[in-house]
**Q** 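One structure, as structure tokens, below. Some questions next.
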Amino acid sequence: MNKMFRQAEILLEQEDTTKYRGVYFLEFHPDTRLDNLETQQENIISIYKSIKKISRRAV
């Protein structure tokens with residue numbers, strides 16, 4: 001999980017580091033799969049989009 005969050009963080013940092021700095025609490029479904037690269041990439045994009053959406057509301 002940490003690697004996926006870091007990858008999402010790297011995507012966000014490419015846009016604006018200060019805009020997305022903070023603590024985020026994300027909820028995952030219990031059946032979230034982490035066992036293959038394709039699923040991990042989907043999860044990274046989902047984390048990225050969730051943080052962007054949360055950040056827009058916080059502004």
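This chain uses plain numbering: 1 for the first residue, then up along the sequence.
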**Q** Measure the CG-CD distance between Leu12 and Glu9 for me, rounded to the nearest 0.5 Å.
**A**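 That separation rounds to 8.0 Å.
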**Q** Could you give the distance from CD1 (Ile44) to CG (Leu37), rounded to the nearest 0.5 Å?
**A**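 Interatomic distance, Ile44 CD1 to Leu37 CG, rounded to 0.5 Å: 8.0 Å.
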**Q** I'd like to know if the side chain of Ser50 and the backbone of Ser46 have a donor-acceptor N/O pair within less than 3.5 Å.
**A**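 Pair found, side chain donor or acceptor close to backbone of Ser46.
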**Q** Have Thr39 and Asn36 got a donor and an acceptor in their side chains that come within less than 3.5 Å?
**A**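 Checked: Thr39/Asn36 side chains pair up, N/O donor to acceptor below 3.5 Å.
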**Q** Using 0.5 Å steps for rounding, measure from the CD atom of Gln41 to the CD atom of Gln7.
**A**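 Taking CD in Gln41 and CD in Gln7, the distance rounds to 7.0 Å.
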**Q** With rounding to the nearest 0.5 Å, note down the distance linking CE in Met4 to CD1 in Ile45.
**A**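 One gets 12.0 Å once the value is rounded to the nearest 0.5 Å.
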**Q** Considering all heavy atoms of both residues, which atom of Ile47 and which atom of Ala8 are nearest to each other, and what is their separation?
**A**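 The pair with the smallest heavy-atom distance is CG2-CB, 3.6 Å.
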